[in-house]
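Each chain gets a letter, A, B and so on, in the order the sequences are listed, and its residues count up from 1. Below, each value reflects all heavy atoms present in this structure, side chains not excepted, and no hydrogens, waters or symmetry copies.
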Amino acid sequence: MLSIKNLHASVEDKEILKGINLDVKPGEVHAIMGPNGSGKSTLSQVLAGNEAFEVTSGEVTLNGENLLDLAIEERAREGVFLAFQYPVEIPGVSNLQFLRTAVNAMRKHRGEEEMNAAEFMKQAKEVSKQVDLDPSFLKRGVNEDFSGGEKKRNEIMQALLLQPKLAILDETDSGLDIDALQVVSNGVNALRAEDRAILMVTHYQRLLNHIVPDYVHVLAGGRIVKSGGRELALELEERGYGWLGINDEETSN
Amino acid sequence: MATTDNEVKELIKREYEHGFVTEIESDTFEPGLNEDVIRRLSEIKQEPEFMLEWRLKAYRRWLDMEEPEWAHVDFPKVDYNDISYYSAPKKKEDMPQSLDEVDPELLRTYEKLGIPLHERAKLAGVAVDAVFDSVSVATTFKEPLEKAGVIFCPISEAVHKHPELIKKYLGSVVPAGDNYFAALNSAVFSDGSFVYIPKGVRCPMELSTYFRINAANTGQFERTLIVAEEGSYVSYLEGCTAPMRDENQLHAAVVEIVVLDDAQVKYSTVQNWYPGDEHGKGGIYNFVTKRAACIGKNSKVSWTQVETGSAITWKYPSCVLRGENSVGEFYSVALTHNYQQADTGTKMIHLGKNTRSTIISKGISAGRSSNAYRGLVKFGPAADGARNFTQCDSLLIGDRCGAHTFPYIESKNKSAIVEHEATTSKVSDEQMFLCRQRGIDPEQAVSMIVNGFCKEVFKELPMEFAVEAGKLLEVSLEGSVG
């Protein structure tokens, strides 16, 4: 489904990704782990098409289509979804309006009819329950005065509504207490499907107790330095990144 | 956030959609202004002597006045002798007695603008007075309004039919010598709307005037007068467009509103005069004086304006809060793009006890435009317990535009309370990235973000106007992403 070959990307002439290779098949959940500054978030942003980053070489295809040729919104319509680490506020625009605009943009792309407000409201209410958000928050401004946990749940809710082919979750667990983590994880597990791939970027192993990945990759210095199964994450938890020759202050003690 | 150059160019190419010219025979004065021109104008209108005297007095005042230069706008001096002061579509014979007799070309013009003048048309529930260049060409729903006792007619007609009301109220809020452009307007105004709501009457429908400048090198100087008697209510809408022309055209209007005890007037404007092209060529100079006098106790006036057009806007809809407990409100969205310049805001003059005012101003600047809020909140010595709340927010799109805020506060009363909040923000790359990552087009994303920014003002607009305003923002913002 997703194929990344020798991907190099830089920001302000500083190379961050130095040759990423990764293959993800439908139905698989891949965890990308690594210390701060290893390029995890950059990888998510580059896949989604953030124009602040420049791809200097390499290839990324989704179901055979060259993603790098597509604008941000075109990638999204092809099924790329990014759950943001720090979702931004859009004051005055209601969550409901924002989500309906997004859903209808996708539907239009697929040649389907737009959803009317009532129909959409019903669906949005159902999905909001899945991530334990009170439907009243649909009326609030996008991420406006949301708590950290609400923002993260809102991101997962959007993924559930938009039903992407590839969901990239950027540090979805950061800043969550254990209850919120459980709710978010339930949401992500509900997202798991045979025809969907999930790329989970995380610093910590604990998320993987809730969402069990098929593969774990360790990213360091802009490259994937080690890949393995679920057990690799457990090993990282126990031994830190040091044994892989990686220096990381936060997880090595 | 960068879209490719080609995309941006493509978007900018989209044109002002009301820019067409109606081919219609007109009677137009030669350019130039002197007492004879005013006499001729008054004669064509068959005005009573008192009107001519009033005009001439205003003209003489105007001659002694200086054009104001304090506004935060920059434009070449206007040559007032280069403008024609009267242009009217040629009448087939006499004044049309009903809509069926209005020139079909004119009806088509308004249809094209989305303002159907046929009463059977969709805009049901809104009575329209259509002003084309210097004259009113049609007023709809006259009968049901008359039944309610409401007078809604061209001001030129009111001069004949209701001279006592005109004598009493014309110039009572904005005196002829109030300012340079008001004096000019008083001398040469050709038409506009007159509204009179009798005591205790709630106007059965929204009233609306639609202004259209068509002829080249003419100025439009309309005059609107609204009188709301005790305990009455009216909601009045105003819309404006003009063809695309390379020359600048002058629009100097005056709006006066008189509000008596317990009466309420809601005045909404969607101003979409031709803004000029993307190089700043052409466009309307919109120099307008709008003022409401809340004379009666518990009276209330709300100004809501959505300003997207004009090359230059110079406009401060104001409230003189004389009556005890009277309330003034000003809700404004001003959007400037390309080389547009706007200096707009309000004046809230608190004279009576416990008077209250609210100002919510949203300025949006894109392109190389300049957008200024200028507001005065003044408390007289007798304004015990008066209070004002002001909120001025500016939103910038891109990095070549400017936003300025000039709030003035004068208080002669120690018990007066003023609150002022101001913010400046940008449509951020992060917001754009979030929207686009969810599959939303960049243009649609900007429009959605801007609409969200304006929400507090849009909710004050009557339903059908709110929809139009949203769409208008979308059109006006085209080409602003890049």
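With values rounded to the nearest 0.5 angstrom, Glu51(A) atom CD is found 8.5 Å from Asp429(B) atom CG. Taking CZ from Arg436(B) and CG from Asn50(A), the interatomic distance works out to 9.5 Å, rounded to the nearest 0.5 Å.
The closest donor-acceptor contact from the side chain of Glu74(A) to the backbone of Gly439(B) lies at 3.5 Å or more, if one exists at all. Looking only at distances, a side-chain donor or acceptor of Gln431(B) sits under 3.5 Å from a matching main-chain atom of Glu89(A). Remark: side-chain polar atoms of Gln437(B) are paired, donor with acceptor, to backbone N or O of Leu82(A) under 3.5 angstrom.
Each of Met106(A), Lys108(A), His109(A) has some count of heavy-atom pairs under 4.5 Å with chain B, and the biggest count is that of Met106(A). Among the candidates Val427(B), Asp441(B), Ile440(B), the residue making the largest number of heavy-atom pairs closer than 4.5 Å to chain A is Ile440(B). Your options are Val103(A), Thr101(A), Asn104(A), and the one with the most heavy-atom pairs under 4.5 Å with chain B is Thr101(A). Note on Leu162(A), Val142(A), Val80(A): by heavy-atom pairs under 4.5 Å with chain B, the leading option is Val80(A).
The minimum heavy-atom distance linking Ala48(A) with Phe433(B) is given by the pair CB-CZ, 3.9 Å.
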Is there a side-chain contact (heavy atoms from CB on, under 4.5 Å) between Ile90(A) and Leu434(B)? Walk through the geometry before answering.
CA-CA 9 Å; Ile90(A) 309 180; Leu434(B) 170 61; 4.1 Å; yes
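Contact of Gln444(B) with chain A is made through the side chain alone, with heavy-atom distances under 4.5 Å. Within the 4.5 angstrom heavy-atom criterion, no atom of Cys454(B) approaches chain A. If you measure heavy-atom distances from Asn143(A) to chain B, the contacts under 4.5 Å come from the side chain alone. Heavy-atom distances place both the backbone and the side chain of Phe98(A) under 4.5 Å from chain B. Heavy atoms of Glu78(A) lying under 4.5 Å from chain B are absent altogether.
By the neighbour-count criterion of 12 heavy atoms within 6.0 Å, atom CG of Asn116(A) is densely surrounded, having more than that number from other residues, nucleotides or ligands. Counting heavy atoms of neighbouring residues, nucleotides and ligands inside a 6.0 Å radius, atom NZ of Lys151(A) exceeds 12 of them. More than 12 heavy atoms of other residues, nucleotides or ligands shown are found within 6.0 angstrom of CZ on Arg107(A).
Ion pairing between Glu155(A) and Arg438(B) holds under the 4.0 Å rule for side-chain N and carboxylate O.
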